[in-house]
Amino acid sequence: MVTVRFAPSPTGNLHIGGARTALFNYLFAKNQKGKLILRIEDTDKERSKKEYEENIFASMKWLGLEWDEVYRQSERMEIYKEYAKKMETSGHTYRCYCTKEELDQKRKIYEKLKKPYKYDGTCRKLPAEDLSKKENEGRPYVVRFKMPLTGQTILNDLVRGKITFENTELDDIIISRTDGIPTYNFCVVVDDALMQVTHIIRGEDHISNTPRQIQLYTAMGFKLPEFAHIPLILASDKSRLSKRAGAAAVTEYKEEGYLPIAIVNFLALLGCSYSATEEIFPLSEIINRFALKNVNKSPAIFDFTKLDYLNGYYIRQKTEAEIAVLVRPFLLNAGITPDESLLLKVVKLEKERLKKLTDITDAKYFFTEVTEYDTAGMEKHFKDPLKIELFKKFRGEIAGIDFKTVELEAFTRSFAEKNGKKLGELVHPVRLALTGKLISPGLFEVMEVLGKDVCLKRLGKIV
RNA sequence: GUCCCCAUAGACUAAGGGUUAGGUCACCACCCUUUCAAGGUGGUCGUAGGGGUUCGAAUCCCCUUGGGGACGCCA
């Protein structure tokens with residue numbers, strides 16, 4: 001049975017990049033009819049927070065990424081300690097008494113010499129008597145893993161193929177801290193082995209950890225899983241995707257009015273292809289077509305324009321009733337409590353104009369008084385006395401007709417013709433009077449929704 | 001700096017020795033049209049550079065350049 005895991009650390013909200021990693025794991029699991037484990041990697045007591053863990057759960061649920069099992073590393077300490085002890089007994093590790101200060105010092109020296117830093121193995125080489133002396137003094141220590149000093153470690157990556165590392169490049173990693181809490185590289189290996197994870201799908205920023213982990217697998221006699229390192233997502237300037245670069249927590253996308261399926265489809269497209277000619281698929285089809293061999297090697301840039309396009313596309317696929325439900329909280333948030341039947345009518349007109357759900361607030365003139373008018377528009381349509389006169393004449397005559405789209409259009413067209421004007425010469429000022437804007441859905445539809453009373457009032461107010 | 005990874009238009013990608021280098025977003029033009037959007041039609045833009053291998057290279061190899069990642073008692 002295929003088993004994959006998504007292993008975020010709760011040191012921040014679920015980031016869009018993390019969501020992509022989670023998604024690829026989810027897609028692979030579903031495609032293989034396997035299971036997805038969600039493992040909270042909270043061994044860093046300082047930075048891990050419950051609220052972040054909750055955010056991760058909520059974000060994944062919102063995206064529709066369901067998991068089969070959940071674990072917390074903080075609840076598995078005894079297991080890691082047990083394995084760490086085994087490693088000590090089998091002679092794979094040693095106690096290192098170097099202090100943080102000493103190590104910082106060494107790092108600085110290496111940096112000055114422009115030499116690559118690597119733990120020099122001081123304590124690995126310590127004579128037995130020094131060791132027991134330090135032990136008797138009760139000095140704090142960390143436990144380091146004895147990396148092989150020669151040879152190579154080979155990673156056969158499902159996405160990238162064979163990657164070779166010289167073991168001389170690997171230093172003796174710390175597997176257990178001064179306080180006895182095991183570290184990331186050790187816990188991951190123990191967990192992945194014990195949880196029988198068959199495929200490790202994670203970001204390529206983990207490639208350099210992999211040879212170290214492979215050595216730990218070997219030392220503990222665990223069977224190696226398959227590895228697949230997926231490319232990272234970059235910001236538009238090719239820098240790492242960060243808050244500054246505009247992409248952040250999944251929950252922020254929710255707040256900005258993106259649909260989960262749009263994000264899922266978009267994320268699925270970054271670094272992977274599903275067809276030579278199509279890009280929009282329902283989730284079931286994405287799952288069907290997902291294959292690690294179709295995952296790209298090069299990093300992908302996060303393009304908001306395309307996300308917006310997809311979001312608009314998916315909004316258009318929904319019914320008006322569905323959109324009304326989705327859009328309502330955003331109106332509420334803008335201080336508008338919409339009447340249900342009015343909202344439905346507005347959604348009908350705005351539906352194909354929405355890229356994000358938040359865009360609905362552009363149409364707030366349906367719900368509230370118009371208090372501001374586009375200044376360029378005022379300049380253009382309400383400065384010339386002749387134009388104002390025409391507008392007033394129109395205003396007077398339209399009061400007599402039925403406020404239905406068809407009638408309104410027929411009347412306006414014939415009015416324009418009778419007065420030797422083009423339709424636009426009436427439409428634009430009227431739109432400005434009714435909406436305050438130069439842009440809106442079809443004017444006659446807007447008028448019908450607004451209703452006669454409101455329209456006449458607004459037409460009378462502007463000049 | 002050292003190690004590792006990567007390189008098809010502005011962006012995401014297809015083609016894995018023989019294609020007029022395909023699709024999507026964006027962009028431009030036209031159509032529709034009361035504006036905007038949506039939709040329709042057409043178009044501009046690409047194999048980073050240099051060497052090899054080969055009858056033939058986007059595709060295989062090498063170098064250069066560029067980008068990214070890692071180098072924590074973080075994960």
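A note on names: the letters A, B, ... follow the listed sequences, proteins ahead of strands, and every chain is numbered from 1.
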Applying a 4.0 Å non-hydrogen cut-off, can you work out what A:Lys238 is touching in the nucleic acid: base, sugar-phosphate, or nothing? sugar-phosphate
Criterion side-chain contact (heavy atoms from CB on, under 4.5 Å) on A:Tyr71 and A:Glu41, from CA distance to verdict: CA-CA 9 Å; A:Tyr71 297 96; A:Glu41 309 223 322; over 6 Å; no
For B:rU19, which nucleotide is its Watson-Crick or G-U wobble mate, given both distances must be under 3.5 Å? none
So does A:Arg316 get a side-chain nitrogen or oxygen closer than 4.0 Å to the phosphate oxygens (OP1/OP2) of B:rG39? yes
Nearest to the side chain of A:Arg177, heavy atoms from C-beta on, is which of B:rA75, B:rU13, B:rC12? B:rA75
Test ring-ring contact (aromatic ring centres under 6.0 Å, His included) applied to A:Tyr110 - qualifying residues, sequence neighbours left out: A:Tyr117
For the residue pair A:Tyr184 and A:His206, categorise the inter-ring angle as parallel (less than 30°), tilted (30 to 60°) or perpendicular (more than 60°). tilted
Which part of the nucleic acid, if any, lies within contact of A:Lys355, taking any heavy atom under 4.0 Å across all strands shown: a base, the sugar-phosphate backbone alone, or nothing? sugar-phosphate
Looking for any heavy atom pair under 4.0 Å, which part of the strands does A:Leu443 touch: base, sugar-phosphate only, or nothing? base
Using a cut-off of 4.0 Å on non-hydrogen atoms, how would the nucleic acid contact of A:Ile207 be classed: base, sugar-phosphate, or nothing? sugar-phosphate
Have a look at A:Ser273 and say if it touches a base, only the backbone sugar-phosphate, or nothing, with a 4.0 Å heavy-atom cut-off. sugar-phosphate
Is it the case that B:rG69 (base atoms only) and A:Glu204 (side chain only) share a donor and an acceptor within less than 3.5 Å, ignoring hydrogens and angles? no
Salt bridge (charged side-chain N to carboxylate O under 4.0 Å, His left out) with A:Glu88: which of A:Arg144, A:Lys146, A:Arg95? A:Arg95
Any donor-acceptor pair, under 3.5 Å, between the side chain of A:Thr178 and the base of B:rC73, if you only look at N and O atoms? yes
With a distance cut-off below 6.0 Å to the six-membered ring centre and an angular limit of 45° from the axis, does A:Arg20 pair with A:Phe24 as a cation-pi contact? yes
For the side chain of A:Ile174, counting heavy atoms from C-beta on, which of B:rG69, B:rU24, B:rC73 is nearest? B:rC73
Check whether the ring centres of A:Phe367 and A:Tyr365 lie less than 6.0 Å apart, and answer yes or no. no
Contacting residues from residues 39-55 of chain A, given that a heavy atom lies under 4.0 angstrom of RNA chain B: A:Glu41, A:Thr43, A:Asp44, A:Arg47
Any base atoms under 4.0 Å from A:Glu169, or only sugar-phosphate, or nothing? Heavy atoms, all strands. sugar-phosphate
Just call it for A:Phe266: base, sugar-phosphate, or nothing, with non-hydrogen atoms closer than 4.0 Å on any strand. nothing
For B:rC25, what is the paired nucleotide under Watson-Crick or G-U wobble rules, both distances under 3.5 Å? B:rG10
Quiz question: going by heavy-atom distance under 3.5 Å, is there a donor-acceptor pair between the base of B:rU24 and the side chain of A:Lys306? yes
Opposite nucleotide pairing with B:rC71, Watson-Crick or G-U, both atom distances under 3.5 Å: B:rG1
